[in-house]
Peer 1: 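Quick one: the structure is below, and I'll ask about it shortly.
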There are 2 protein chains.
Amino acid sequence: MKITIKEIAERAGVSKATVSRVLNNSKPVNEDIKKRVLAVIDSTNFKPNAVARSLSLKKSHLIGIIIPDLSNPVFSRIIAGIESAIRNLDYSLLITATDFNVDMKMQHMQILKDKGVDGLILVTDHGNEAFFEAMLEFKKPIVMIGSDSAVDSIPVVKINNYKAACEATQHLINLGHEKIGMIRGPLTDPHSGYERFMGFRDTMMKAGLFDEARIAEGWYSFDDGYKGLSKIIKTSPDISALFCACDLMAVGAMKYATEKGYKIPDDLSVLGFDDVEIARMYNPSLRTVRQPFEEKGRLSIETLIHMIEHKGEHISFANHILTHELILRESTTSFKREGQTIE
Amino acid sequence: MKITIKEIAERAGVSKATVSRVLNNSKPVNEDIKKRVLAVIDSTNFKPNAVARSLSLKKSHLIGIIIPDLSNPVFSRIIAGIESAIRNLDYSLLITATDFNVDMKMQHMQILKDKGVDGLILVTDHGNEAFFEAMLEFKKPIVMIGSDSAVDSIPVVKINNYKAACEATQHLINLGHEKIGMIRGPLTDPHSGYERFMGFRDTMMKAGLFDEARIAEGWYSFDDGYKGLSKIIKTSPDISALFCACDLMAVGAMKYATEKGYKIPDDLSVLGFDDVEIARMYNPSLRTVRQPFEEKGRLSIETLIHMIEHKGEHISFANHILTHELILRESTTSFKREGQTIE
DNA sequence: TTGAAAGCGCTAACAC
DNA sequence: GTGTTAGCGCTTTCAA
């Protein structure tokens with residue numbers, strides 16, 4: 001605790017500067033002296049104080065992470081990806097959660113800035129004007145995950161939600177379904193909400209199948225899925241397939257359907273989005289669009305660290321669009337006119 | 001970025017010391033001067049540099065968290081509890097994951113120490129000698145969650161796994177079941193593994209029902225539960241109830257049972273442990289022992305911060321045993337001899 | 001009450 | 001190659 005670089009210098013009979021040089025390999029040091037210093041460092045088990053180093057270097061090797069909710073796998077898996085990628089990179093993670101609150105987001109940006117983070121990863125839905133301004137004034141590298149930055153200087157790691165939703169919808173159409181419903185997210189949420197819905201809507205329209213009556217909206221929870229399907233079934237009991245903007249809503253819908261005596265997939269095909277763990281574990285297992293959560297985390301942290309370490313080079317960072325994938329599981333099947341049960 | 005306390009001092013026509021005093025209310029300052037300084041601070045939007053302050057104060061307002069796996073809800077919900085409790089407390093969280101690797105744990109302790117954390121929360125299974133030694137040499141307050149510290153000076157926040165397992169087992173016995181199996185964790189894991197198993201075993205023995213043939217072991221995953229039940233059923237096909245050391249294994253077992261044509265709970269009652277989110281969402285919903293994850297997090301961070309801020313007072317911290325609760329759901333029912341199907 | 005100055009532990013010119 | 005020295009931005013004796 002009390003042992004410092006000065007102490008090492010004295011014991012090794014050299015100056016602090018020399019010790020610093022061997023510590024960082026910043027300048028050549030005579031081999032013998034180096035050995036001597038290293039020996040002392042070793043014997044005392046000395047570790048340089050990172051705080052002092054930060055102050056001097058104006059570099060903390062700290063990365064700030066701002067995320068809506070730590071206990072939601074949709075986010076925590078991204079964090080896990082970031083964390084495992086960062087292990088060898090000699091950075092540490094300062095993590096905060098916002099409960100989807102924009103003000104909290106900005107507040108945390110300020111706190112993280114004060115703590116001297118070298119960069120920031122924002123896993124976030126969407127922001128307001130003040131938020132975008134705060135991003136511009138942050139002055140340190142930022143990478144966003146999932147959401148657009150609306151700012152050229154801030155790279156984004158995401159998937160193509162629109163395209164994924166088109167493919168998912170087309171999958172159901174190809175199975176012969178016509179009365180297809182969707183439980184979407186809020187349209188004010190540009191990615192998981194708006195884009196996924198537009199993909200569904202456009203694909204359905206192209207096929208001449210879109211019907212507003214088979215749409216419900218929820219905030220991505222199990223309960224929202226449960227209620228969503230109950231609402232759709234009231235006005236449109238002949239629905240044969242359902243696309244949900246996330247797995248949790250799909251599971252909620254399956255739970256509701258099962259309680260009402262529907263067999264899945266025979267009476268109702270259900271298709272989710274995300275491929276969180278529950279999708280493969282559920283009964284029946286859920287067909288869904290997989291997004292590469294861990295990969296999102298890994299790629300964003302790598303991009304961020306590149307930006308931090310090549311500051312001033314003004315490299316332009318293209319946004320990264322990662323690939324999604326439709327996972328084959330039990331919850332969808334082809335439409336069978338005669339087999340269908342309608343309540 | 002470049003605006004410092006010195007700058008503020010100059011603009012307000014006072015010394016750095018005075019600015020520091022108004023910033024921290026550390027010593028009385030003339031009201032007029034105080035106002036003037038505050039005005040300058042406000043107009044410049046000045047925020048003191050936390051790194052410099054850390055160096056001077058030898059206090060970082062950083063808390064280190066070491067956790068096995070960030071993407072597992074059993075752990076991430078604890079983190080969420082810590083995070084939400086810490087918001088108003090002016091501390092930030094430095095989080096690292098170890099993938100259940102003891103060496104990684106110690107390595108991260110060192111890193112966090114270097115970063116100058118004021119305290120540490122260890123969410124962990126169990127350690128070895130070297131690990132306990134590292135804890136003693138950490139020199140800063142530590143709180144452990146879940147696992148025993150084996151060290152008096154380190155308080156622990158946990159539940160009574162043994163008692164909870166006894167109650168869970170008794171519940172199944174009370175329902176009339178006799179051929180009750182268990183998928184346990186590894187016995188080398190003292191809490192979720194050993195204690196939960198001992199609770200089961202002792203209760204079964206007392207009732208004269210214990211049978212080693214109906215025990216399987218797994219590492220807490222869905223797949224382990226799936227395989228575990230398949231193993232038990234091979235040797236003991238007449239099993240009518242199953243207790244699992246965690247929900248994920250219970251779900252895996254239910255999936256297997258369902259695939260094999262067992263009806264749950266009619267042919268097989270299943271009881272889990274933890275009450276993670278999937279338990280209530282599953283089909284059927286899973287009866288389980290709830291542990292208060294968020295509460296664990298909240299309590300541990302409060303204890304830790306208390307220790308940090310009352311250092312030297314040598315308060316003795318009792319371990320906190322939080323209460324568990326058996327949650328009533330669909331997956332267990334009373335034993336009916338005639339209704340039972342055996343494959 | 002206030003200010004000057006030393007110091008937290010480390011790095012990086014600059015000079016030797 | 002090595003040592004001296006001046007910071008990094010803030011807090012805190014110690015004097016005034």
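The sequence lines fix the lettering, A, B, ..., with proteins before strands; numbering per chain opens at 1.
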Peer 1: From D/dG1, D/dT4, C/dG9, pick the nucleotide closest to the side chain of A/R21?
Peer 2: D/dT4

Peer 1: Given axes from five pairs at either end, by how many degrees does the helix from C/dT1-D/dA16 to C/dC16-D/dG1 bend, rounded to 10°?
Peer 2: 40°

Peer 1: Which whole-number value in Å describes the distance from A/N24 CG to C/dA12 P?
Peer 2: 7 Å

Peer 1: Whole Å only: how far is the NZ atom of A/K58 from the P atom of D/dC8?
Peer 2: 7 Å

Peer 1: Between B/R87 and A/D99, is the salt bridge (charged side-chain N to carboxylate O under 4.0 Å, His left out) condition met? List the steps.
Peer 2: CA-CA 11 Å; B/R87 296 245 180 93; A/D99 292 339; 3.4 Å; yes

Peer 1: What is the distance from NZ of A/K34 to C1' of D/dT2, rounded to the nearest Å?
Peer 2: 14 Å

Peer 1: Just compare C/dC10, D/dC10, C/dT1 and give me whichever is closest to any side-chain atom of A/A52.
Peer 2: C/dC10

Peer 1: Considering heavy-atom distances to DNA chain D, does B/S20 or A/S15 have its closest nucleotide positioned more toward the 5' end?
Peer 2: A/S15

Peer 1: Rounded to the nearest angstrom, tell me the gap between atom CZ in A/R53 and atom P in D/dG9.
Peer 2: 18 Å

Peer 1: Nearest whole angstrom, please: distance from the C1' of D/dA6 to the NZ of A/K16.
Peer 2: 10 Å

Peer 1: Quick test of your reading: applying salt bridge (Lys or Arg N to Asp or Glu O under 4.0 Å), list the pairs with at least one residue in residues 4-32 of chain B, sequence neighbours left out, ordered by first then second residue.
Peer 2: B/E7-B/R11

Peer 1: So which nucleotide from D/dT2, D/dG9, D/dC14 ends up closest to the side chain of A/I33?
Peer 2: D/dT2

Peer 1: Could you work out which one of D/dT11, C/dT1, C/dT11 sits closest to the side chain of A/L57?
Peer 2: C/dT11

